[in-house]
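Predicted model only: the values in this text are computed from it and were never measured.
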Amino acid sequence: MATVRVDTVLSVPVQQVWEAVADVGAVHRRMLPRRVLNARLDGDQRILTMPDGVEVRELIVAVDHELRRMAYTVVEGQRMPLTYHHASFQVFEDEAGSRLVGQTDVLPHAMAAHVRPRVEAGIREIREVIEAAAVSARS
């Protein structure tokens with residue numbers, strides 16, 4: 001299994017970043033508003049509606065407040081030719097504020113090269129959105 005790991009430093013306190021990550025039903029507002037049009041929860045599953053109307057169903061595997069780690073796996077609607085997709089976000093303290101680590105495991109292995117740019121773009125958007133929200137909250 002191939003693993004894609006990306007991280008970014010945010011100038012936002014760790015608890016604020018974790019609150020956005022842990023709010024799994026609001027990913028479309030708090031983390032990825034340019035990539036996800038809507039999100040709704042159905043038990044332990046999250047259904048994402050993408051801007052083009054495609055729905056992606058994810059099983060929320062963990063929301064661990066102690067470790068500040070959220071993990072999910074795509075169970076339906078995967079657009080890339082992946083046979084397995086499991087991802088997690090974990091938030092750590094950093095002297096600048098916080099560090100957000102995204103990790104995605106994929107099969108087949110060769111698809112990691114195609115997944116990496118998407119994960120990198122996603123974590124950049126998450127950083128921008130969370131930092132902008134923090135600035136807005138202070139105003």
Quick check for you: to the nearest 0.5 Å, what is the distance between [X] atom [atom1] and [Y] atom [atom2]?
X     : Y      : atom1 : atom2 : result
Thr3  : Asp105 : OG1   : CG    : 4.0 Å
Asn38 : Arg29  : CG    : CZ    : 8.5 Å
Glu55 : Glu76  : CD    : CD    : 8.5 Å
Leu10 : Glu131 : CG    : CD    : 5.0 Å
Glu58 : Gln78  : CD    : CD    : 9.5 Å
Arg99 : Arg127 : CZ    : CZ    : 11.5 Å

Show the nearest heavy-atom pair for residues [X] and [Y], with the distance to one decimal.
X     : Y     : value
His86 : Ala71 : NE2-CB, 3.9 Å
Asp64 : Glu66 : OD1-N, 3.0 Å
Ser98 : Val91 : CB-CG1, 4.2 Å
Ala39 : Leu48 : CB-CD2, 3.8 Å
Trp18 : His65 : NE1-ND1, 3.0 Å
Leu37 : His28 : O-CD2, 3.7 Å

Could you walk me through whether His85 and Tyr72 pass the side-chain contact (heavy atoms from CB on, under 4.5 Å) test, one step at a time? CA-CA 9 Å; His85 178 280; Tyr72 66 92; 3.9 Å; yes
For a 4.5 angstrom cut-off between non-hydrogen side-chain atoms, does [X] reach [Y]?
X     : Y     : value
Arg57 : Ile47 : yes
Asp44 : Leu59 : yes
Gln90 : Leu67 : yes
Glu93 : Arg68 : yes

Answer with yes or no whether the hydrophobic clustering places [X] together with [Y]; edges join I, L, V, M, F, W, Y residues whose side-chain heavy atoms lie under 4.5 Å apart.
X     : Y      : answer
Val74 : Val24  : yes
Val61 : Phe89  : no
Tyr84 : Val4   : no
Val27 : Val63  : yes
Val6  : Val101 : no

Kindly list each side-chain donor-acceptor pair under 3.5 angstrom involving residues 106-126, sequence neighbours excluded, with atom names and distances?
unit_1, atom_1, unit_2, atom_2, d
His109, ND1, Met1, N, 3.1
His109, ND1, Ala2, N, 3.4
Glu125, OE2, Arg34, N, 2.8

Donor-acceptor contact below 3.5 Å, side chain Arg30 vs main chain Asp23: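 No: the side chain of Arg30 does not pair with the backbone of Asp23.
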So, Arg40 and Asp42, do they make that salt bridge, N to O below 4.0 Å?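 Salt bridge: no.
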